[in-house]
There are 2 protein chains.
Amino acid sequence: MGPEERIAAAVETRLGTFVKRAEQALMAEKADALRPFGLSVPQYAVMYALSVAPGCSGAQLARVCYVTPQSMASLLSTLESKKLIERRPSDVHAQVMVTKLTRSGHALLRKADAAALAVEARLSAAFTAEEEGRLRELLQRATDALPADG
Amino acid sequence: MGPEERIAAAVETRLGTFVKRAEQALMAEKADALRPFGLSVPQYAVMYALSVAPGCSGAQLARVCYVTPQSMASLLSTLESKKLIERRPSDVHAQVMVTKLTRSGHALLRKADAAALAVEARLSAAFTAEEEGRLRELLQRATDALPADG
DNA sequence: ACCAAGCTATCAGGGCTCTGATGTTAAGCA
DNA sequence: TGCTTAACATCAGAGCCCTGATAGCTTGGT
């Protein structure tokens with residue numbers, strides 16, 4: 001057994017390895033699907049969130065996208081420079097920045113979303129409805145079980 | 001329903017969301033567990049691979065760690081500057097760099113590994129043996145199903 | 001012997017994410 | 001009213017990862 005096989009065998013004793021590999025494969029596919037539109041996966045995720053709930057603050061977007069406010073600020077800055085989103089101070093809280101998709105942002109998202117959904121469909125196609133439900137439940141349990149503060 | 005709940009509901013229709021969240025929770029926990037040792041998760045992964053198969057080339061390590069050779073070069077450079085690994089030209093191929101853990105690298109890995117295994121144990125504890133096997137099988141199927149070149 | 005393919009390493013550039021720290025504004029309470 | 005707490009935004013610094021491109025070495029087929 002060569003060194004690469006030996007490492008693979010050792011690493012596959014860990015359940016976490018399977019989670020990571022599935023996520024990596026998913027990210028790689030989504031990145032490939034979105035590249036033609038000039039969007040990264042995180043950029044697409046933000047735009048999708050904004051399409052569901054326009055006018056969010058950066059902090060709100062950070063929470064729903066599970067990233068830090070700093071990461072979100074970096075994403076929003078990039079998207080703003082591409083003219084895909086617009087930011088302006090909230091009427092209520094002068095220091096809160098309210099964010100919305102631009103017209104071209106909406107148009108791009110519509111096309112990018114189709115590509116992203118195609119990847120999701122490819123993933124779901126690997127499972128029966130019963131299996132997919134089971135997988136969701138198991139992954140949710142993993143997510144809930146992990147945090148140390150629990 | 002507030003904007004954050006609305007986005008959460010929309011996003012949870014996607015199976016991929018559950019994969020990503022589980023992976024994010026896992027990475028966060030491992031990062032916290034390894035922080036006291038001054039190691040990032042990718043750094044730990046490389047050192048672990050080297051402990052299983054000393055003398056690997058950068059390209060081999062890149063393959064088993066599922067990153068590009070460029071990413072691996074960056075990791076190895078950091079680890080070398082910390083004196084945790086040693087690199088020297090291969091006897092066989094002058095241009096191939098052979099990598100091994102240093103004495104202090106071995107010592108640090110032994111402690112870090114215990115912390116990483118504790119996280120894995122916490123994850124596994126959320127499942128019965130039968131459930132864990134099922135989860136592995138479903139994740140493997142997802143990983144296999146995704147690549148577009150298939 | 002030669003040339004093409006493949007593997008190795010590395011440089012350059014850009015994007016994402018995090019920790020840590022700072023300053024501002026809004027809301028709650030004594 | 002004034003203080004405290006919390007939430008928001010942002011700067012600074014660092015690590016990881018990717019795509020694209022360059023260059024040396026080795027192997028194998030012609």
Side-chain angles (χ1 to χ4, degrees), chain A residues 2-4 20 23-25 27-47 55-82 84 87-99, chain B residues 2-4 20 23-47 55-63 65-82 84 87-99:
Chain A
E4 301 188 27
K20 174 176 284 189
E23 201 269 347
Q24 245 170 350
M27 285 292 282
E29 287 307 301
K30 277 204 175 162
D32 286 348
L34 294 172
R35 186 163 310 119
F37 306 102
L39 289 178
S40 69
V41 176
Q43 284 166 4
Y44 159 76
V46 175
M47 291 178 68
C56 278
S57 70
Q60 285 178 317
L61 290 169
R63 281 191 295 270
V64 299
C65 292
Y66 280 80
V67 299
T68 59
Q70 293 90 328
S71 299
M72 185 52 63
S74 160
L75 279 171
L76 293 176
S77 168
T78 302
L79 288 174
E80 190 173 26
S81 72
K82 290 184 182 181
L84 296 173
R87 313 185 70 194
R88 49 183 228 80
S90 161
D91 295 334
V92 187
H93 299 300
Q95 152 235 24
V96 173
M97 296 296 284
V98 154
T99 307
Chain B
E4 301 187 27
K20 174 176 285 190
E23 201 269 347
Q24 248 171 346
L26 178 62
M27 285 292 282
E29 286 306 301
K30 277 203 176 165
D32 286 348
L34 294 172
R35 197 182 328 276
F37 305 103
L39 289 178
S40 69
V41 176
Q43 285 167 2
Y44 160 76
V46 176
M47 291 179 67
C56 279
S57 71
Q60 284 179 317
L61 289 170
R63 282 192 294 271
C65 292
Y66 281 81
V67 298
T68 60
Q70 294 89 327
S71 299
M72 184 52 64
S74 160
L75 278 172
L76 293 175
S77 169
T78 303
L79 288 174
E80 189 173 26
S81 72
K82 290 185 182 181
L84 296 173
R87 314 186 69 193
R88 48 184 227 79
S90 161
D91 296 334
V92 188
H93 300 302
Q95 153 234 21
V96 172
M97 296 295 285
V98 154
T99 307

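Each chain gets a letter, A, B and so on, in the order the sequences are listed, and its residues count up from 1.
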Report yes if some heavy atom in the side chain of Leu75(A) is under 4.5 Å from a heavy atom in the side chain of Leu61(A); otherwise report no.
no
For Phe37(A), look at atom CZ and say whether over 12 heavy atoms of other residues, nucleotides or ligands are found less than 6.0 Å away.
yes
Mark yes or no for whether Lys30(B), through its side chain, and Tyr44(B), through its backbone, hold a donor-acceptor pair below 3.5 Å.
no
How long is the span from the OG atom in Ser74(A) to the CD atom in Gln43(A), to the nearest 0.5 Å?
9.0 Å
Report the residue (Gly58(A) or Pro69(B)) whose heavy-atom-nearest nucleotide on DNA chain D is the more 5′ of the two.
Gly58(A)
Return the value, rounded to whole Å, for the distance between atom CG of Leu61(A) and atom C1' of dA7(D).
15 Å
Identify whether any heavy atom of Ala59(A) sits under 4.0 Å from a base atom; if not, whether one sits that close to sugar-phosphate; answer base, sugar-phosphate or nothing.
sugar-phosphate
Would you say Gln43(B) places a side-chain N or O within less than 4.0 Å of OP1 or OP2 belonging to dC16(D)?
yes
Given that Val41(A) and Gln70(A) both sit by DNA chain C, which one's nearest nucleotide is further toward the 5' end?
Val41(A)
What's the closest nucleotide to the side chain of Arg63(A) if the choices are dT8(C), dA9(C), dC8(D)?
dC8(D)
For the pair Glu4(B) (side chain) and Arg63(A) (backbone), establish whether a donor and an acceptor sit closer than 3.5 Å, ignoring hydrogens and angles.
no
When all nucleic acid strands are considered with a 4.0 Å heavy-atom cut-off, which category describes Ser74(A): base, sugar-phosphate, or nothing?
base
Below 4.0 angstrom from OP1 or OP2 of dC16(C), is there any side-chain N or O of Ser40(A)?
yes
Which part of the nucleic acid, if any, lies within reach of Ser71(B) when heavy atoms closer than 4.0 Å are counted: base, sugar-phosphate only, or nothing?
base
Is there a side-chain contact between Thr78(A) and the phosphate of dC16(C), meaning an N or O under 4.0 Å from OP1 or OP2?
yes
Can you tell me if the side-chain N/O atoms of Arg35(A) get under 4.0 Å from OP1 or OP2 in dG15(C)?
no
Please tabulate the protein-to-nucleotide N/O contacts below 3.5 Å involving nucleotides 22-29 of chain C, giving atom names and distances.
unit_1: dT24(C); atom_1: O2; unit_2: Gln95(A); atom_2: NE2; d: 3.1

Determine whether Met72(A) and Thr99(A) satisfy the following criterion, side chain to side chain contact (heavy atoms under 4.5 Å, CB included), listing intermediate values before the conclusion.
CA-CA 12 Å; Met72(A) 185 52 63; Thr99(A) 307; over 6 Å; no
Looking at every non-hydrogen atom in both residues, tell me the closest pair between Leu76(B) and Gly58(B) and how far apart they are.
CD1-CA, 4.0 Å
